[in-house]
Undergrad: 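One structure follows; several queries about it will come next.
Chain letters run A, B, ... following the sequence lines, proteins first, then strands; residues in each count from 1.
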Amino acid sequence: MKDHGLNAPSNFIRSMISKDISSGKHSGRVLTRFPPEPNGYLHIGHAKSVCLNFSLASENNGACNLRFDDTNPEKESQEYVDAIKENIKWLGFKWNGDVRYSSNYFDHLYNLAMQLIQNGKAFVCSLSAEQSREFRGTLTEPGKNSPDRNRSIRENLNLFKQMKGGEFSDGAYTLRAKIDMESPNINMRDPIIYRIRHVSHHQTGDKWCIYPTYDFTHCISDAIENVTHSLCTLEFEDHRPLYDWILNNLELDSLRVICDLSDSDMTFVLPQQTEFAKLKLNYTIMGKRKLKEMVEAGLVDGWDDPRLPTLAGMRRRGFTAASIRNFCEIAGVSRSEGTVDLSMLEHCVREDLDQCASRVMCVLNPMKVTIRNIKKGEVENLSLQNHPKNESMGTRIVPFTREIYIDKSDFEENPAPGFKRLVLGGEVRLRGSYVIKCEEILRNGEGEIIELICSADRETLGRRPEGRKVKGVIHWVSAVHGQEATLMLYDRLFMVENPEAKEIADYKEFLNPESLSVIKNCMIEPSALEGRERKHYQFEREGYFILDIEGENMEYPVFNRTITLRDSWGK
RNA sequence: UGGGGUGUCGCCAAGUGGUAAGGCACAAGGUUUUGAUCCUUGCAUUCGUUGGUUCGAAUCCAGCCACCCCAGCCA
C-alpha cells in the first residue's frame, strides 16, 4: 500500500515547519520527539502522534526521539516501556539514537531547579495538598500567595537539598516556581515543579525521593535534546506559557551547556510547542484509565484484546501497520476536535488487505453437499490463484471431491427476491470449480435440512456454462480435506457512539454483548494451515482473517477476523 | 460571571479577499468465477449566527450563539 509520503496532505503543522525551515528558524533543523508516559499501552490515538512526529521528521531530513516521560514512578512500569517500544517498531518507525528517558535528566533537572531558587524564581512551600488547593483560587478568583513565598534563597536552597536528601515525608514540602498567583491562567499560579515521593523508579531505582513534575521536566527535556518542534495535544495549550516561562527563566547558557549539540555549528534554539487535536474514534474508548480498568477487571482479554483500540490489540486482530499509518494520514491534523468515523479506519484496512491478503476458502456454518456425478474417492487437485488480480502471489492446490461443505446461508428453500446463491433446482458456481445444480434436499427427523444432493456440470471448469448465465458464486471446502478451525468474529466493543460522553455515568453498561462471537467447527481448506504462519488471509466472501497470536503452538487453529468484506447485499 | 481554544456536506478535512479541493459514508450505473475489488456518475448557490467593510468575504471587522480544555503534589 502506498504511504502518502511526500504527497501527504498539507496541514497547519506541516506548513509551519516549512516556514520555519525557509526562515532558518532552527538553522533549518527539524527534531521532533514522541514522549509517552509508560503508564499504559499505546492506542490508535497515540498512533496519530507517533505518525505525525516521525513522518514530519523524516519528510524534512530530521529525526524523531523516543523519550519516555517518566516523572511519576507510582504509575509507571518497565512492562509499559517495553510494550511501547515494541509498538513503535511495529508501526514502522525508527527513533533517533537510543531510547531516552526524562529520568536521564534528573540530575540536570535538579541543578536547574537549584538555579531557579538561586535566582529567586522558585521557593520551597510547606502548604499541604489541601491548603495549596485553597490558596490556588478558582477559575474566577485569583489565588493567594503562599506564606512561604518570601522565604530566603538560602533557606530555600537548604530545604530543597533536604528534600532531596530524604529528610521529609511525602507531601511535607514542594518546590514551586514563583510566577503569579493572580494569573488568569491557573497553570501560572506558582506551579509545583518538584514533589517528594518515597517510591522507587523503574529506571533510577531508589536514587531519588523527589520527582520533577511534567511542566518542569518536559520543556527542559526538549531543550536538552535540542528538539525544535514539540508537538502535543490541545489540552496542553494552557501549559505553553509555563513551558516558555521555565525555559526563559533559566540561564540560557546553562541549558546550552547540557544540551545535546552533536554538531558544533548548530545554534542552540529553544524548542517550540505546538498543539493539535487528538484523535477520537467512535464506538470505542481511548481513555488510558478506562482501558486499564477493562483489562484489569477482565472485561477484555488483556491489553492486546483484538476488540481494543490498542496497537497491541489491533495487531493481534490483523490490522496492518501500513493501514494504521494511512488512516492517521487521511484523518488529518487540525485544531478542531472531532470524532473520526470507524468506517474510515475500516476502509483503510480493507484497502491494504485487499492488496496483500491471500485468498482462501473457509466455510463458517458447514452444510454437506454430495455431488452425485463425481466418483467416490476421486480427488481433483485444482490450482487456484492466491489473488485474483496479482499473479505474482502465486497459486495453491485446492482439492475437490464428491462431498464438500458449503455455508448454510448459501442455500435457501424460500429465497428472497434477488437471492443469487443456491436454490432447489437452481445452479451456482463453486468458486474455482464447477457449476452445480441442486437436485434434492435431505432432511433429518425434525425436517431440518442436513444435506444437499447436487450434480456438477463438468463442462464448466474454467469455462462459462453454455446457453445460460449463472450469477451466484459460493465458496466451499472438500469434506475429506477440510480442516476444523475456530473463528473469532469481532464487532464494535460498545453499542453507543461515544461511550466516554459526559452523560454516561458508567461506560461499562454500554459494552456490546456481541462484540465477540466464537464460531467453532468451521471448515477451512488445508492450504491455509500450512506452516501455521501469522499471515493475512481473505476468506473469500467472508472477510479478512489472521491466525491468532499463538500461531503454530495452538492445538487447533484459531483465526481472528480483522474485518468483514464490504457487503452491499447484507447477509 | 476568569483564561485558553474550536465552529466549512452525515464524519474527517483543504481553503488565509476573487466567487466552496479531497477522503470516508451514502446513492445510481458498468465490469466481475468473491453480492469483494475495480470503473463511472451524483452528493454544500454555501462555510455556527447576525450585522458591517468591500466591486467582490468561508476568508477582514463587531456582536451574539454552541461546544471543548484548565482549579492533580497526573501527564
Undergrad: Protein-nucleotides 12-16 of chain B N/O pairs closer than 3.5 Å?
TA:
unit_1, atom_1, unit_2, atom_2, d
B:C12, OP1, A:Thr339, N, 3.3
B:C12, O2', A:Ala331, O, 2.3
B:A13, OP1, A:Ser334, OG, 2.6
B:A13, OP2, A:Ser336, OG, 3.4
B:A14, OP1, A:Val333, O, 3.2

Undergrad: For the pair made of CG in A:Asn390 and P in B:U32, what is the distance, rounded to whole Å?
TA: 21 Å
Undergrad: Checking all strands, does A:Ser343 fall into the base, sugar-phosphate, or nothing category for heavy-atom contacts under 4.0 angstrom?
TA: sugar-phosphate
Undergrad: Taking atom P in both B:A36 and B:U31, compute the distance separating them and give it to the nearest angstrom.
TA: 13 Å
Undergrad: Between A:Ser183 and A:Asn185, do the side chains contain an N or O donor and an N or O acceptor separated by less than 3.5 Å?
TA: no
Undergrad: For A:Arg289, which contact category applies under a 4.0 Å heavy-atom criterion: base, sugar-phosphate, or nothing?
TA: nothing
Undergrad: So, does the side chain of A:Arg541 form a donor-acceptor pair with the base of B:U34 at under 3.5 Å?
TA: no
Undergrad: Quick one: label A:Pro241 by what it contacts on the DNA or RNA (base, sugar-phosphate, nothing), any heavy atom closer than 4.0 Å.
TA: nothing
Undergrad: At under 4.0 Å between heavy atoms, what does A:Phe216 touch on the DNA or RNA strands: base, sugar-phosphate, or nothing?
TA: nothing
Undergrad: Both conditions, 6.0 Å and 45 degrees, for the charged tip of A:Arg350 above the ring of A:Tyr544: are they met here?
TA: no
Undergrad: Go through the N and O atoms of the side chain of A:Asp567 and the base of B:G35, and report whether any donor-acceptor pair is under 3.5 Å.
TA: no
Undergrad: Can you check whether A:Thr71 has a side-chain N or O nearer than 4.0 Å to OP1 or OP2 of B:A75?
TA: yes
Undergrad: Is there a donor in the side chain of A:Ser126 and an acceptor in the side chain of A:Asp148, or the other way round, less than 3.5 Å apart?
TA: yes
Undergrad: Could you tell me how far B:U6 sits from B:G42 if I compare only their C1' atoms? Round to whole Å.
TA: 32 Å
Undergrad: In whole angstroms, how far is the P atom of B:C68 from the NZ atom of A:Lys280?
TA: 9 Å
Undergrad: Looking at every strand, decide which applies to A:Arg464 at a 4.0 Å heavy-atom threshold: base, sugar-phosphate, or nothing.
TA: sugar-phosphate
Undergrad: Going by ring centres under 5.5 Å and near-parallel planes (under 30°), is A:Trp569 stacked on B:G35?
TA: yes
Undergrad: In whole Å, what is the span from the CD atom of A:Glu346 to the P atom of B:U37?
TA: 13 Å
Undergrad: Of all the choices, B:A71, B:A25, B:A75, which nucleotide is nearest to the side chain of A:Leu139 once you look at every atom?
TA: B:A71
Undergrad: Inspect the surroundings of CZ in A:Arg463 and state if more than 12 heavy atoms from other residues, nucleotides or ligands are less than 6.0 Å away.
TA: no
Undergrad: Mind checking if A:Gln538 touches a base, just sugar-phosphate, or nothing, with heavy atoms under 4.0 Å?
TA: base
Undergrad: Looking at B:C24, B:U34, B:G3, which one has an atom nearest to any side-chain atom of A:Pro184?
TA: B:G3
Undergrad: Round to a whole Å and report the spacing from CG of A:Leu565 to C1' of B:U37.
TA: 9 Å
Undergrad: State whether A:Arg350 places a side-chain N or O below 4.0 Å from either non-bridging phosphate oxygen (OP1 or OP2) of B:C38.
TA: no
Undergrad: Exactly one of A:Tyr105, A:Tyr101, A:Phe34 should register a ring-ring contact (aromatic ring centres under 6.0 Å, His included) with A:Phe68. Which one does?
TA: A:Tyr101
Undergrad: Using the P atom in both, what is the distance from B:C11 to B:C26, to the nearest Å?
TA: 15 Å
Undergrad: Using the C1' atom on both, measure B:U45 against B:U40 and round to a whole Å.
TA: 26 Å
Undergrad: Do A:Arg421 side-chain and B:G35 base share a donor-acceptor contact under 3.5 Å?
TA: yes
Undergrad: Taking B:C43 as the reference, what is the distance to B:G10 when you measure between their C1' atoms (whole Å, please)?
TA: 11 Å
Undergrad: Counting just side-chain N and O atoms, does A:Arg195 come under 4.0 Å of either OP1 or OP2 of B:C74?
TA: yes
Undergrad: So with a 6.0 Å cut-off around NZ of A:Lys471, is the heavy-atom count from everything else above 12?
TA: no
Undergrad: I want to verify the glycosidic state of B:G15; is it syn or anti under the 90° rule?
TA: anti
Undergrad: Would you say B:C74 has OP1 or OP2 under 4.0 Å from some side-chain N or O of A:Arg197?
TA: yes
Undergrad: Contact class for A:Ser183 vs. all strands (heavy atom < 4.0 Å): base, sugar-phosphate, or nothing?
TA: nothing
Undergrad: Of the candidate nucleotides B:C73, B:A71, B:C68, which contains the atom at the shortest distance from the side chain of A:Lys502?
TA: B:C68
Undergrad: Taking CZ from A:Arg431 and C1' from B:A36, how many angstroms apart are they, rounded to a whole number?
TA: 10 Å
Undergrad: Provide, to the nearest angstrom, the distance between the CD atom belonging to A:Glu141 and the C1' atom belonging to B:C70.
TA: 16 Å
Undergrad: State whether the distance check finds a donor on one side and an acceptor on the other, under 3.5 Å, for side chain A:Gln355 versus base B:U37.
TA: no
Undergrad: Under the criterion side-chain hydrogen bond (donor to acceptor under 3.5 Å, both in side chains), which of A:Arg33, A:His218, A:Arg100 is the partner of A:Asp69?
TA: A:His218
Undergrad: May I ask you to say what A:Phe236 touches in the nucleic acid, namely base, sugar-phosphate or nothing, with a heavy-atom cut-off under 4.0 Å?
TA: base
Undergrad: My understanding is that only residues two or more places apart in sequence, or in another chain, count here; which of them pass side chain to side chain contact (heavy atoms under 4.5 Å, CB included) with A:Cys219?
TA: A:Tyr243, A:Ile246, A:Leu247
Undergrad: When rounded to the nearest Å, what value does the distance between P atoms of B:G15 and B:U50 take?
TA: 26 Å
Undergrad: Over all strands shown, is A:Leu281 touching base, sugar-phosphate only, or nothing at heavy-atom distances under 4.0 angstrom?
TA: nothing
Undergrad: Can you tell me how far C1' in B:A75 sits from the matching atom in B:C70, rounded to whole Å?
TA: 14 Å
Undergrad: Given atom NE2 of A:His347 and atom P of B:U37, what is their separation to the nearest angstrom?
TA: 10 Å
Undergrad: Using 4.0 Å as the upper bound for N to carboxylate O, is an ion pair formed by A:Arg421 and A:Asp407?
TA: no
Undergrad: Tell me if the CD atom of A:Glu466 is crowded by more than 12 foreign heavy atoms within 6.0 Å.
TA: no
Undergrad: When we call it a touch if two heavy atoms are under 4.0 Å apart, what does A:His218 touch: a base, just sugar-phosphate, or nothing?
TA: nothing
Undergrad: Taking only N and O in the side chain of A:Arg133, is any of them less than 4.0 Å away from OP1 or OP2 of B:G72?
TA: yes
Undergrad: With the side chain of A:Glu237 defined as its heavy atoms from C-beta on, choose the nearest nucleotide among B:A75, B:A71, B:G4.
TA: B:G4
Undergrad: Figure out the CG/C1' separation between A:Asp238 and B:C69, and round it to whole Å.
TA: 6 Å
Undergrad: If I pick the P atom on B:A66 and the same atom on B:C39, what distance separates them, to the nearest angstrom?
TA: 45 Å
Undergrad: With heavy atoms under 4.0 Å as the rule, sort A:Gly462 into base, sugar-phosphate or nothing.
TA: base
Undergrad: So, does A:Arg136 get its side chain near the phosphate of B:G72, meaning an N or O under 4.0 Å from OP1 or OP2?
TA: yes
Undergrad: Between B:A36 and A:Ser568, is there an OP1 or OP2 to side-chain N/O distance shorter than 4.0 Å?
TA: yes
Undergrad: Any salt bridge (charged side-chain N to carboxylate O under 4.0 Å, His left out) pairs touching residues 232-244 of chain A, not counting sequence neighbours?
TA: A:Glu235-A:Lys278, A:Glu237-A:Arg240, A:Glu237-A:Arg335, A:Arg240-A:Glu275
Undergrad: Under 4.0 Å: is that the gap between some side-chain N or O of A:Arg240 and OP1 or OP2 of B:G4?
TA: no
Undergrad: Quick one: label A:Lys471 by what it contacts on the DNA or RNA (base, sugar-phosphate, nothing), any heavy atom closer than 4.0 Å.
TA: nothing
